Amino acid sequence: MSASAADRKKSASLRKQIWHHNHQYHVLDEPDVPDAEYDRLVRELQQLEADNPDLVTAESPTQRVGAKPIKAFGTIAHQLPMLSLDNAFNADELRDFHRRVTDRLGLDAESALSYSAEPKLDGAAVSLLYEDGVLVRGATRGDGNSGEDITHNVRTILAVPLQLMGEGFPRTLEVRGEVFMPRAGFAAFNAAAAKNDEKTFVNPRNAAAGSLRQLDPRLTAERPLDIYVYSVGVVDGGSVPDRHSEILCKLQDWGLKVCPERKVVSGIDGCLEFYADIGAKRDDLPYEIDGIVYKIDRLDYQQTLGFVSRAPRWAIAHKFPAQEELTVVRDIEFQVGRTGAVTPVARLAPVFVGGVTVSNATLHNMDELNRKDVRVGDTVIVRRAGDVIPEVVKIVPDRRPIGAKIVKIPSQCPECGSAVIREEDEAVARCTGGLFCAAQRVEALKHFVSRRALDIDGLGAKLIEQLVDINRVKTPADLFDLDQDGLMGLERMGEKSAINLLASIDASKKTTLSRFLYALGIREVGEATAASLATHYGRLRNVMDADEAGLQSVQDVGPVVASRILSFFGEQHNQDVVQKLIESGVSWPEADPAPAADDGHLSGKVFVLTGTLPTMSRDEAKDRIQAAGGKVTGSVSKKTDFLVAGEKSGSKLTSAQKLEVAILDEGGLEKLLIDQ
Ligand code: D41
């Protein structure tokens, strides 16, 4: 039976509405209806299609994910080859490129030649073919001449429209772009995979490429993939504008997703400026990029220049420093942290990666070490992305030398010889020496004096190590009876530094309860928890006397944190240290416990800080927000109440605008802090 005219009309209308909301959400990042409304529309269409199977069309939003895996990938010959990109690894190579093109075009090298500049996404290049506005085919780039048919998989990417929008698109339109996995999705995917003992991806690029090469589209649909399109291929039965930048705008009008960071720049200086701007934001972008692509904007110039051996003469990729490099593991050692965690660390042949020279990389814990099977002598891929600590991603099995040594975790602490044990359900092994262990003492002291704790200026790691080595300092309390003569006996310590250090030790005595609690280094008690405890209890005595139920009523304190606090203060030697610190003159303003429901007038409010404020330092802003009961987090989300934005605010500002988070400048924050 065929559907009634009314149902036909209804289904067409529902499809249109769903495409629209889908486009708002996945392409523009500007959802315009609540999820519940979107779901309702989809369910209505599903029901209508179930009742009237003849209403189902391939481009219906209900048909993104095919029910069955395909048997094998077909091959698709690209009608126009998908070219590759030449690279420039520094500004000089970019200048050479610019000189070549201006020469060939008969222009002055100083002339203001327009380039369309865009970040170079690190993902997988694909081709999407639209016929009469309907997505009919998706293909990988392959070798540029032919790729694999991945239509079933690209259809599952919500940012890929199954039907183009608006008007004026050519009857046949092939667009090319980069499918990528945003950082957040990559991290979440890998965390879930690791938890389930499944294979994790080495980097977002492999994750994107691997996800596209699934036979079962239901698997691809579960991967958080996204796309930016960056050029057109075949165009038939219509036309596109005659500038690259205008083509991108057109593609956007037709519902395709293009990178918002793109910009038309003028001449070599414009290129370099854009490179520096994006470079400064690189770590804050929600996706990984490995460079900037510059394309001569005018298509007639592009035509004149043509291409050589698979790469256009009119475009170039200006690379950023690589975030992954190969190097050799010289040794694997074990480090003891503040909490006694014994962590394997790879000592590497120094290698320049992610903009710095790296000679150590964490192996996290024994499970990781075993899973990655890293041995001394192995060649490994080291990765340093953003300000994340460098890590060993994987070994290169082909390069393993004969006799590469397997390293086992020591049964005794390399620092103090106490037993190393690993509790059930714990990934990390720990030294049982506690503050008897010099390594733990050093780390505990470093933490105690750190900027956000007691903030003792001039007491660096080297000095602490010396003081611990000669047994002059065993606990933080011992810092307060150091004297000038004692200090001057140490290496590299003159009279002046000794006097300065004593002055800053003295100055650190006036502190806050929150800093003091944080400085004690109780496991799981970070700054935010310390601040919650301080506002909740007001006095140290109250914290020390609190019971489990009481502790758990504090914001952010769950059973684990509560038990850590209880056992910390349950230890006599910790009580002694606290007592001694107070006797040495460490003090803070004690307050009455905060009323239960309200920990300050900004209680419950979530802040994010970005950019540089005119007069307030970031730490100061954070302290004052926390003192008023507010919470400061690192990234903007739906839960954020305020973004405090200063000069040079990057992607956090954009995210806040998108999510309609209230944005404050320093003046606005001041008002809020004072306003009761
Ligand atoms: O973001 C990218 N990965 C990107 C790749 C980009 N933004 N633009 C590109 N433009 C081209 C030309 C100039 C050939 C149209 C590309 C690529 N090609 C490309 N991706 C993989 C190979 C070549």
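Atoms within a ligand are numbered from 1 in the order they appear, just like the ligands themselves. None of these values were measured; they are calculated from a predicted model.
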Original post:
Which of parallel (below 30°), tilted (30 to 60°) and perpendicular (above 60°) describes H152 and F73?
Top reply: tilted
Subject >> Ion pair check, D149 and R137, cut-off under 4.0 Å >> reply: no
Between ligand 1 and the protein, tabulate every N or O atom pair separated by less than 3.5 Å, reporting distance only.
residue, atom, partner, partner atom, Å
ligand 1, 1 (O), L121, N, 2.9
ligand 1, 3 (N), L121, O, 3.1
ligand 1, 3 (N), E178, OE1, 3.2
ligand 1, 7 (N), E118, OE2, 2.8
ligand 1, 8 (N), K295, NZ, 2.9
ligand 1, 10 (N), K295, NZ, 3.0
ligand 1, 20 (N), Y230, OH, 3.1

Subject >> E288 and R205 ion-paired at < 4.0 Å >> reply: no
Original post:
Should L113 and V101 count as side-chain neighbours, where that means a heavy-atom distance under 4.5 Å?
Top reply: yes
**OP:** Please say whether the positively charged group of R183, taken as NZ for Lys or CZ for Arg, lies over the ring of F186, i.e. under 6.0 angstrom from the six-membered ring centre and within 45 degrees of the axis.
**Re:** no
Subject >> Note: R375-D378 ion pair, threshold 4.0 Å (strictly below) >> reply: no
